[in-house]
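The structure presented is a predicted model; accordingly, all values stated were derived computationally and were not measured.
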Amino acid sequence: MDKDHLIELISNSLLYDSKDSESIRNLCDFKNYLEKLNLEQLRTMSKEFIL
C-alpha cells in the first residue's frame with residue numbers, strides 16, 4: 001500500500017460519534033500527524049488499528 005492509502009485507512013478507522021467541529025479538527029490534526037510519518041511507521045500503525 002502506498003502512503004496515502006495507509007493514511008486514509010488509519011484515519012477512517014477512527015470513527016467519531018459526534019460530528020462537532022472539535023472532532024473534525026482532531027481528525028484533521030491526526031491526519032496531519034500521519035502525513036509526517038514514513039511508510040514503515042504507517043504500516044506498523046495500520047497493523048495496530050486493523051487488529
* **Pairwise distance CG(Leu9) to CG(Leu42) - rounded to 0.5 angstrom** => 10.0 Å
* To do: Can you measure from CD (Glu40) to CG (Leu6) and round to the nearest 0.5 angstrom?
  => 10.0 Å
* Tell me, please, which residues at least two apart from Asp29 pass salt bridge (Lys or Arg N to Asp or Glu O under 4.0 Å). => Arg25
* Structure fact -> Distance col, row Met45:CE vs Tyr33:OH, nearest 0.5 angstrom, shows 4.5 Å
* Listed once per pair and sorted, the salt bridge (Lys or Arg N to Asp or Glu O under 4.0 Å) pairs that draw on residues 3-13, sequence neighbours left out -> Glu8-Lys31
* Calculate, to the nearest 0.5 Å, the distance between atoms CD1 and CG belonging to Ile7 and Leu37 respectively. => 7.5 Å
